[in-house]
Amino acid sequence: EPSEQEAMYYRYLEFAAKLKQGSVQPHWMADGSSFWYAEGGPANTVIYKVDPRANTKTPLFDTARLREALAPLLGHEPPDQGLPFSNFAFLDGEESVQFTVEDKEFVLQLATYTITQAPAVSEEEKSRLNPQASASGYWYREVLSPDGRWFASVKDHNLWLRSTSEKEAVQLTQGGLEDYEWGHDIWNRWLHWSPDGSKLATSK
């Protein structure tokens, strides 16, 4: 008999198989059982929340309401028709989110859809909190842990963790070689965090 966690993962795989593109990049939420992912291109981005237990997929944001609240702060209507961002960070126990539009940081209160501009951050802080390119010559996309503490990525064919709170990087694996490396996909589709951010699954 599979455990509840294994059963939930199998349901996630079944869900991913139904998608036209065949896979999603899940971002697990605080409850450890649901996740969100972005779908569509820049012109029609939608962010969905998926509950594998209930087998449901629903939009995480009210796109029209968000666009209407954001327009006065931008000074114009957001471009296209979808969400003007495809990535964000939860704040305050998932009661609000922070996102970037036109190089400006905004905070959205999910209960009221009130949007405020976030305080400016230094370039050093932006570098620490945003995904960075690998120094190996390829653009390996760092994958943020669900608890927001670490970025996981591939450097010199091995797995590394980079702290979001301080200037610290930790090498996790040894022995990676060209064409036989850890996390072998340059888009890091084979780097998967556990929902609580304590474990990382990959392949070699």
Side-chain angles (χ1 to χ4, degrees), residues 21 23-30 34-50 58-135 138-154 160-169 186-189 191-193 195 197:
Q21 64 266 42
S23 64
V24 299
Q25 179 65 51
H27 303 267
W28 293 95
M29 299 177 68
S34 55
F35 63 88
W36 66 266
Y37 78 98
E39 184 174 282
N44 57 357
T45 301
V46 180
I47 293 177
Y48 289 103
K49 177 182 177 181
V50 177
T58 56
L60 185 56
F61 300 103
D62 182 330
T63 300
R65 191 176 178 190
L66 188 149
R67 290 172 59 88
E68 183 180 1
L70 185 60
L73 297 174
L74 293 176
H76 56 82
E77 287 288 327
D80 304 312
Q81 300 299 316
L83 290 171
F85 57 90
S86 59
N87 200 6
F88 67 92
F90 277 113
L91 304 174
D92 306 320
E94 298 186 351
E95 293 183 2
S96 60
V97 300
Q98 184 165 338
F99 59 88
T100 303
V101 177
E102 298 180 3
D103 295 325
K104 297 176 183 177
E105 297 286 334
F106 297 97
V107 175
L108 164 70
Q109 302 298 325
L110 292 172
T112 62
Y113 270 69
T114 302
I115 299 179
T116 56
Q117 189 165 345
V121 298
S122 66
E123 290 301 317
E124 180 182 347
E125 189 173 2
K126 284 182 182 178
S127 176
R128 193 177 73 247
L129 296 176
N130 291 316
Q132 301 298 306
S134 168
Y138 295 98
W139 200 94
Y140 289 104
R141 182 170 58 86
E142 293 182 314
V143 181
L144 182 65
S145 62
D147 58 11
R149 295 179 57 199
W150 298 95
F151 281 111
S153 190
V154 177
W160 285 73
L161 292 183
R162 181 173 67 84
S163 173
T164 59
S165 61
E166 54 191 76
K167 294 180 179 178
E168 179 186 1
I186 66 169
W187 299 109
N188 283 354
R189 287 172 296 199
L191 290 181
H192 298 288
W193 286 100

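All residue numbers refer to positions in the sequence shown, counting from 1. What you see is a predicted model; the values in this text were computed from it and never measured.
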All side chain to side chain donor-acceptor pair (under 3.5 Å) counterparts of Thr116, not counting sequence neighbours: none
Under the side-chain contact (heavy atoms from CB on, under 4.5 Å) rule, collect the residues that match up with Lys104, sequence neighbours excluded. Phe106, Gln117
Scan residues 61-75 for pairs that pass side-chain hydrogen bond (donor to acceptor under 3.5 Å, both in side chains), counting only residues two or more places apart or in two chains. none
Atom CD in Glu94, atom CG in Leu110: separation rounded to 0.5 Å? 9.0 Å
If we check side chain to side chain contact (heavy atoms under 4.5 Å, CB included) with Pro78, which of these qualifies: Val101, Leu66, Leu70, Leu83? Leu70
I want to check something: taking the side chain as every heavy atom from C-beta on, are Lys49 and Ser34 in contact at a cut-off of under 4.5 Å? yes
Taking the six-membered ring for Trp, are the ring centroids of Phe99 and Phe61 within less than 6.0 Å of each other? no
Once rounded to the nearest 0.5 Å, what's the spacing between atom CD1 of Ile115 and atom CD of Gln109? 10.0 Å
Identify, with sequence neighbours excluded, every residue that meets side-chain contact (heavy atoms from CB on, under 4.5 Å) alongside Ser86. Ala38, Thr45
Describe, in one word, how the ring planes of Phe85 and Phe88 are oriented to each other, choosing from parallel (under 30°), tilted (30 to 60°) and perpendicular (over 60°). perpendicular
Please check: side-chain N/O of Glu39 versus main-chain N/O of Tyr48, any donor-acceptor pairing under 3.5 Å? no
For Glu168, the side-chain contact (heavy atoms from CB on, under 4.5 Å) test, sequence neighbours excluded, returns Trp150, Ser163, Glu166, Val170
Among pairs that include at least one residue of residues 70-81, which meet side-chain hydrogen bond (donor to acceptor under 3.5 Å, both in side chains), considering only residues two or more places apart or in two chains? His76-Glu102
Taken to the nearest 0.5 Å, the spacing of Phe35 CZ from Leu60 CG works out to 12.0 Å
